[in-house]
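Heads up: the structure comes next, in structure tokens.
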Amino acid sequence: MARAYEVVEVEKKWQRRWADEGTYEVDADDPRPPWYVLTMYPYPSGPAHMGHVRNYTFGDLLVRHRTMLGHAVLSPFGFDSFGLPAENAAIKTGTHPRIFTDARILELKESITSLGAVYDWRREIRSHDPEYIKWNQVIFQKLLAAGLAYRANAPVNWCPGCQTVLANEQVLADGTCERSGDLVVKRDLEQWFFGITRYADELLSGLDDLEWPERVKTMQRNWIGRSEGAEYDLVVEGRDGSDAGERLSLRVFTTRPDTSFGMTYAVVAPEHPLVDALTTADHLDDVADLRLRAAASTEVERMSESGAASLAKRGAFTGSSVINPFTGLPVPVYVADYVLMGYGTGAIMAVPAEDNRDWDFAQAYGLPVVRTVQPPVGWDEHGGPDGGPGGAYTGAGEKINSEWLNGLDITTAKARAIEWLEAEGIGERTVNYRLRDWLVSRQRFWGCPIPVVYCPEHGIVPVPTEELPVLAPDDVEFQPTGESPLSTNLEFLNTTCPLCGGPATRETDTMDTFVDSSWYFLRFTDPWTPDLPFDPEIARHWMPVDQYIGGIEHAILHLLYARFFTKALVDVGLAPEGMREPFARLFTQGMIRMDGKKMSKSKGNLVAPSSYLTTVGADALRLFHLFVGPPADDVDWTDQTDSVIDGCGRFLDRVWRLATSPDGERPQGRTGPAMPEDLDIRRATHRLIDRVSRDYERWSYNTAVAACMEFVNLLHPYVRGGGRREVVDEAVDTLLLLLAPMTPHLAAEAWERRHGDHIHLRGWPVADPELAAEATVTMVVQVNGKVRDRIEVAPDVSEEEARHLALASPQIIEALAGAEPRRVIVRPPKLVNIVL
RNA sequence: GCCCGGGUGGCGGAAUGGCAGACGCGGUGGACUCAAAAUCCAUUGUCCGAAAGGGCGUGCGGGUUCGAAUCCCGCCCCGGGCACCA
């Protein structure tokens, strides 16, 4: 599509101007009130794709708008430049990941700039920069010293495709890797962890005050998974310590201590340490068999089977019994894989009457059911699966079959049961979390090395701060073997112990790249301080991020880790006291879809933004993304999309023609006496300011654009009919100011031609309330709810006057046909409804 | 199964108790032009009607209200998240 002005030339000119003049560079001593806008820093995968365009359009609009509103806006940019794609490319082509990554960064930076997005590039961060690696490692050492980083042996997630371990957060619900899609397997390995669970409660409660999408907060709450209940001991029958044998007991966790009287058996996880002690000679084979099967089965296999039938294959009797402390009666102990070692105590008291899984298991093994909550009438006939008989009842009701709990409601009974357990010294109230500590070791090359050495004498020894950063040598074998590539370089591997000088080996794993992104927003506030990751006082000035923008895919991973890091960095003294949350407001934009799928490189359905930049230009493409629909909604890229983008270009051409004349001068207008339509245009101008300003505040850019289009449609005939000069000037200048954050190049160029100065340094327009007030309002007159007339009235028309005007209208008199109104509802100045 | 969103013209969407379909795309007709492009003007939910005008219409069924796309109850469909977490 041919445009009305030299789009490419104009856009390049202003991109250069903003960079050369440092228009959007700010410092902490700026007297204007601070405002921090941040779009999640990207993994550099080459030129920007449409998703980036959408993302950075919103961010850039906010930066420019806030600046015009008088803030000192911090708008940094960086690259999340460690990660697997570069390493995989290295494996394939032999090019070093650094060379590969730096080239991708150049491409991305160039294409982001060509969108007209402006940043304070002095603050640029690259995760793979030795300076950034150093501070990453310093933070690791601080966490290590505080006990927040630790090494432990645990069953961990291993992705065969990525040849590395993964955090729980990186394993999808179906047990596959979020990156490669491979089935993740469990391995027992000694690995590095960060103690995120220590902050579980704070991570949960802190969500309440954040202006985040409710959806994201819910996802985090579910992930943290706090549940309150009780732990207590079940003494193994015949092992109470009264005779020769040692006392042996099994600790269980339950959220329903009130149902304890209904416990008819107990279950331990296959990996539970007491399995051997509990298993009697005649059940050794069954139990061993079950444990083998459980170890061999994947999560997916376990979860794909449910219901009584499959549960029958998934348990084994140990031969032992434990005493239910509430009834004093023995119940059998089973091993079953539906109980997970990783949650609670790895053992449960089973109450089939009030738990669905226990019910299914009890059905399969013929175990008794004792109800402790009175189910609704008819439950035992049709409360079960598919309306069949029985089933567990988990709802509210009166306690039964529970001696001293009988007659109570569940909440009270829970509290009583816990009081009793604590008084008897059998157990206590506990809180359990689904959240696990964050596994940060990765057996990969292209990441931040973990800065410790292993000394046969002194064990784990942190590399001294003055020796940081520990940098990966270039000379390593990339081929994935499941061993860390760094271990193939013996010069790197073999070192000396910082404490004793004796021979030692280096840690060869690298950190999860989510570590890099967990504090980059803090580094952005001050990437210059020589002896700290950032100056806490400067961080305090800018933080928290006032508006964070990114994809919903980070709802748990990045956003939870970053919240944890912020709290942990305060606690180890690197971040300022009192700063607890990194992102005050979060916006998650919709994704671009094509043929029903997310538009992405891996799906092979990319539409390159670059082709639009050289034809319709960046402004038209930006305007399209703003206009196409609500920012939070997904965008479907279809056959018609190009036409819509052209339409955006057409609108900008109309604006251009209104603002400039062919010889570069401002269009001349009429002088002389004022006409009534002059005032109409002035009113429309000031109403537009109100409307667009409100829409900006509520992220309703599509309606803001629509309002501007409507205004141009109104202005156009006025100008053609010889509009009054100063009225047209006011209208066009206002329009350009309102468009300046959305289509910055066009606004800047047209403004410069009209006024000679820089529009983006101007203040945001303010409406004159008198002019913005409507002169007349269209009052709708209905008869029985159907519109029969419209009357122009003053905005402050009185109720009586409105009623009188409505009843006096010829159309209404005709519509009434002499009938006597039963009731007249008057809502001045908008509506009168006459009910017959 | 549970928890969130969402369902409005041919299409993207607007309207959060008061004129349904703003704005744009697409379509149709016209002006300008030798012609085309560009630009401009008009028109465009649907049905009845020559017209004036009127009926119907926001996934389906009920309800509240003078008045419901909007609030309530019950369904259907689409999208997303969670799902052996005791």
Side-chain angles (χ1 to χ4, degrees), chain A residues 1-4 173-174 213-219 221-223 225-227 229 252-256 259 267 269 299 302-303 305-307 310-311 314 336-340 342-351 354-358 360-361 385 432-436 552 555-556 593 596 623-624 627-630 632-636 638-648 650-651 653-654 657 700 702-713 716-717 720 778-790 821-827 830-836:
Chain A
M1 175 193 173
R3 294 289 310 277
D174 64 358
E214 212 45 53
R215 185 160 71 116
V216 175
K217 293 208 258 185
T218 305
M219 282 165 77
R221 286 191 188 105
N222 289 342
W223 186 261
R226 182 193 153 97
S227 51
V252 294
F253 171 73
T254 179
T255 55
R256 292 291 303 275
T259 63
V267 186
E299 300 248 339
R302 282 203 208 177
M303 293 195 310
E305 301 175 16
S306 59
S310 82
L311 278 165
R314 295 172 42 193
D337 70 2
Y338 82 94
V339 172
L340 310 174
Y343 187 79
T345 60
I348 61 158
M349 59 114 175
V351 184
E354 277 103 26
D355 182 283
N356 289 309
R357 293 151 301 172
D358 295 347
D360 289 343
F361 192 83
N432 243 297
Y433 297 92
R434 203 184 98 104
L435 182 70
R436 301 269 75 99
I552 186 77
I556 293 171
R593 284 187 315 204
L623 194 68
F624 162 76
F627 182 60
V628 70
D633 288 7
D634 289 347
V635 177
D636 276 310
T638 68
D639 297 350
Q640 291 153 47
T641 301
D642 279 356
S643 305
V644 181
I645 296 171
D646 284 348
C648 291
R650 254 195 306 275
F651 165 71
D653 284 344
R654 277 160 74 93
R657 283 191 293 264
S700 184
N702 53 332
T703 53
V705 175
C708 291
M709 289 175 167
E710 233 176 296
F711 184 67
V712 167
N713 291 344
H716 213 260
R720 282 161 60 91
T778 306
M779 183 175 76
V780 171
V781 186
Q782 299 177 329
V783 175
N784 281 341
K786 293 202 195 301
V787 180
R788 290 294 180 246
D789 195 16
R790 299 181 177 89
R822 207 153 52 84
R823 203 176 150 188
V824 181
I825 286 115
V826 188
R827 293 280 178 276
K830 305 259 312 188
L831 174 126
V832 173
N833 186 11
I834 298 159
V835 185
L836 297 181

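Small disclaimer: the values here were computed from a predicted structure and weren't measured. Chain letters run A, B, ... following the sequence lines, proteins first, then strands; residues in each count from 1.
With P as the reference atom, B/A20 and B/C56 are 12 Å apart, rounded to whole Å. The separation of B/A50 from B/C66, taken at their P atoms, amounts to 40 Å, rounded to a whole angstrom. B/G61 and B/G1 have their P atoms separated by 25 Å, given to the nearest Å. The same atom, C1', is picked in B/G79 and in B/G29; the two are 41 Å apart, to the nearest Å. When the C1' atom is compared between B/A15 and B/A22, the two are found 8 Å apart, to the nearest whole Å. B/U16 and B/G7 are spaced 14 Å apart, taking the P atom of each and rounding to whole Å. If you take atom C1' in B/G6 and the same atom in B/U58, they sit 14 Å apart, rounded to whole Å. B/A37 sits 16 Å from B/A31 when the C1' atoms are compared, rounded to a whole Å.
Applying the Watson-Crick and G-U wobble criteria (two distances, each under 3.5 Å), B/A22 pairs with nothing in any strand. Remark: B/G29 base-pairs with B/C41; criterion is Watson-Crick or G-U wobble with both hydrogen-bond distances under 3.5 Å. Base pairing of B/U70 is not made with any nucleotide, judged by Watson-Crick or G-U wobble geometry with both donor-acceptor distances under 3.5 Å. In this entry B/G9 has no Watson-Crick or G-U wobble partner, no candidate having both defining distances under 3.5 Å. The nucleotide B/G1 finds its pairing partner in B/C82, both defining distances of the Watson-Crick or G-U wobble pair being shorter than 3.5 Å. Pair assignment for B/C75 gives B/G59, based on Watson-Crick or G-U wobble hydrogen-bonding distances that are each under 3.5 Å. When Watson-Crick and G-U wobble pairs are counted only if both distances are under 3.5 Å, B/G49 pairs with no nucleotide at all.
Within 3.5 Å, no donor on the side chain of A/Arg823 pairs with an acceptor on the base of B/C66, nor the reverse.
Taking the side chain of A/Lys786 as heavy atoms from C-beta on, and the options B/C23, B/C56, B/C66, the nearest nucleotide is B/C56. Here B/G24 is the nucleotide among B/G55, B/A86, B/G24 with the atom lying nearest to any side-chain atom of A/Val644. For A/Arg827, taking side-chain heavy atoms from C-beta onward, the closest of the listed nucleotides B/C23, B/G24, B/C66 is B/C66. With distances taken from any side-chain atom of A/Met709 to the nucleotides B/C11, B/C66, B/G24, the minimum falls on B/G24. Residue A/Ile825 has its side chain nearest to B/C66 when only B/C82, B/C66, B/G24 are considered. Side-chain proximity of A/Arg788 to the nucleotides B/G55, B/G80, B/A22 is greatest for B/G55. With B/A86, B/C40, B/C23 as the candidates, the nucleotide lying closest to the side chain of A/Arg657 is B/C40. Which of B/G26, B/G80, B/G13 sits closest to the side chain of A/Pro630 comes down to B/G13. When distances run from any side-chain atom of A/Arg215 to the nucleotides B/A14, B/C66, B/C4, the shortest one goes to B/C4. When distances are taken from the side chain of A/Phe627 to each of B/C23, B/G81, B/C41, the shortest belongs to B/C23.
The structure places NE2 of A/His716 at 4.5 Å from CZ of A/Arg654, a figure rounded to the nearest 0.5 Å.
Between A/Leu623 atom CG and B/C25 atom C1' there is a gap of 14 Å when expressed in whole angstrom units. Separating the CZ atom of A/Arg790 from the C1' atom of B/C19 is a distance of 5 Å, rounded to the nearest angstrom. A/Asp633 places its CG atom 11 Å from the C1' atom of B/G12, with the value rounded to the nearest Å. One interatomic measurement links the two molecules: CG of A/Asp358 to C1' of B/A86, which rounds to 7 Å at whole-angstrom precision. For A/Arg434 and B/C3, the CZ to C1' distance is 14 Å, given to the nearest whole Å. Taking atom CG on A/Asp634 and atom P on B/G13, their separation rounds to 10 Å, with Å as the unit. The distance from atom CD1 of A/Ile645 to atom P of B/C23 is 22 Å, rounded to the nearest whole Å. One can place CZ of A/Arg221 at 16 Å from P of B/C3, the figure rounded to the nearest angstrom.
Within 4.0 Å of A/Gly225, counting heavy atoms only, lies no atom of the nucleic acid at all. At the heavy-atom level, A/Thr255 lies under 4.0 Å from the strands shown only through sugar-phosphate atoms. A/Gln782 comes within 4.0 angstrom of a nucleotide base, judged by non-hydrogen atoms across all strands. The residue A/Asn784 sits apart from the nucleic acid: no heavy atom pair falls under 4.0 Å. Within 4.0 Å (heavy atoms only), A/Arg822 reaches no atom of the nucleic acid at all.
Contact between the side-chain N/O atoms of A/Asn702 and the OP1/OP2 oxygens of B/A14 is found at a separation under 4.0 Å. OP1 and OP2 of B/A86 both lie 4.0 Å or more from every side-chain N or O belonging to A/Asn356. Considering only side-chain N and O atoms, A/Arg650 lies nowhere under 4.0 angstrom from the phosphate OP1 or OP2 of B/C23. Contact between the side-chain N/O atoms of A/Ser227 and the OP1/OP2 oxygens of B/A86 is found at a separation under 4.0 Å.
Here the side chains of A/Ile825 and A/Val835 are in contact, with some heavy-atom distance below 4.5 Å. A/Arg215 places a side-chain heavy atom less than 4.5 Å from the side chain of A/Ile552. In this structure the side chain of A/Arg788 never reaches within 4.5 angstrom of the side chain of A/Val781, judged on heavy atoms. Residues A/Thr254 and A/Val351 fail the side-chain proximity criterion, which asks for heavy atoms closer than 4.5 Å.
Between A/Thr254 and A/Lys830, the residue anchored nearer the 5' end of RNA chain B, judged by the nucleotide with its closest heavy atom, is A/Lys830. Nucleotides of RNA chain B nearest to A/Arg654 and A/Ser700 differ in position, and the one nearer the 5' end is that of A/Ser700.
Counting heavy-atom neighbours within 6.0 Å of A/Lys217 NZ, excluding the residue itself, gives a total above 12.
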Q) Is there a side-chain contact (heavy atoms from CB on, under 4.5 Å) between A/Ile348 and A/Tyr343 once you walk through the steps? A) CA-CA 10 Å; A/Ile348 61 158; A/Tyr343 187 79; over 6 Å; no
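In summary, of the residues considered (A/Thr259, A/Asp355, A/Val267), a side chain to side chain contact (heavy atoms under 4.5 Å, CB included) with A/Met349 occurs for A/Thr259 alone.
Annotated as syn: B/G9, whose glycosidic dihedral is within 90° of 0.
Remark: the A/Asn222 side chain and the A/Arg434 side chain contain no N/O donor-acceptor pair separated by less than 3.5 Å.
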